[in-house]
Amino acid sequence: MVKELGVAYYGFHFPDRAGEDFLEMMEHNCNAVLLAVSEYDYQVWYSNVITIAQKAKELGLKVYVNLWAFGKVFGGEAPSVFLQDNVNYRQVLSKEIPFPLVGACFNTEGFRKYFFDAVSKLAGEKVFDGFFWDEPHYIITGSREIYSCVCPKCRELFREKYGYDMPPKANEDVFEFKEESILDFLRQASKLVKKVDPQKSVTVCLMPFYTAEEQGVSWEKVCSIKEIDVFGTDPYWSVARKDMDFVSQASRETVEIAKKYGKKSQLWIQGFLIPAGKEEEVREAGRIIGNTDVDSIFTWAYRACEGSMVQSENPKKVWSIIKEVYAELKE
Ligand SMILES: [Zn+2]
């Protein structure tokens, strides 16, 4: 029996208008919402972020917070104020390139303080039921020939641990080092949530790649973090140019691994960038996911991202299919 059905929600700024959107989500059979809070929202609209979360809560939704695209090392389209203000804490590639990378380094004191301060502040807000770590990853180059990150802090830590300088091409030590860096970051952030408010849950969503070489950190290692309560993935078949077998496999494996480590599981349905004519795939994916023993199902995002750069070609159609799929899953 599926306990939780939700959507991600972003671009909100006024509680009364957001309240109307929450009612629409509930009409679409949602009982939970993930507020995607960008650095801009966090820095400029903090007060309304909290009143909007309270509005969702009053209406009966579970409310989760996602530090959306923070430092551009968490998933999402939102820009990063941190990167704009802190060129020195950006990731550095192993080959020299004439422009700075768009991604903060997990190991730099500057980014750690920035992120952990935000976690600490938001964790103090009673309204949130939990936190969501969204696709934490290093910049993916897809090659061992060139990799990130070899910033001064990473070089210093790597030398301390392995006794030699970071190599020009990635080797097993580099993969292990990067994996440990992400794990340490997630462990610290999750511990902080529990320290401030032990009632809050911590969810992590990794991309549907299984190894450290592919996304910086492996599923197994992330699941071994004690403070993480829910493990999930987002098998967005259409953007990955894959079919429903991909959705089936990722869903099955997510539920299995979550159970193995005593966690709850979460799966995401692609509601964005659905090409015209392919809308029924959303229903198919929803059914596949619904047929697993998963605890929580979410869709990215509200109204199939209508009007945004990642909107589906027929967002209204996709959004109404999500309503129908959720009605089936509710029963
Ligand atoms: Zn670095």
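Both ligands and their constituent atoms are indexed starting at 1 by order of listing. Just so it is clear, the values below take in all heavy atoms, side chains as well, and ignore hydrogens, waters and symmetry mates.
Counting only residues at least two apart or on different chains, the side-chain hydrogen bond (donor to acceptor under 3.5 Å, both in side chains) pairs with a member in residues 99-111 are N107-S181.
Checking each of F231, W268, F298 against F132 for a ring-ring contact (aromatic ring centres under 6.0 Å, His included) leaves exactly one that passes, namely W268.
For F185, the ring-ring contact (aromatic ring centres under 6.0 Å, His included) partners at least two apart in sequence or on another chain are F106, F111, F115, F116.
Salt bridge present: K260 and E220 bring a charged side-chain N and a carboxylate O closer than 4.0 Å.
Tally of protein N, O or S atoms closer to the Zn ion (ligand 1) than 2.8 Å: 4.
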Anything under 3.5 Å between a donor and an acceptor, one on a side chain of residues 318-326, the other on a protein residue two or more places apart or in another chain? List them.
| from | atom 1 | to | atom 2 | distance (Å) |
| --- | --- | --- | --- | --- |
| W319 | NE1 | E24 | OE2 | 2.7 |
| W319 | NE1 | H28 | NE2 | 3.2 |
| S320 | OG | K317 | O | 3.2 |
| E324 | OE1 | R283 | NH1 | 2.7 |
| E324 | OE1 | R283 | NH2 | 3.1 |
| Y326 | OH | G6 | O | 2.7 |
| Y326 | OH | T299 | N | 3.2 |
| Y326 | OH | T299 | OG1 | 2.8 |

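With K57 contributing its side chain and K62 its backbone, the two residues share no donor-acceptor pair below 3.5 Å.
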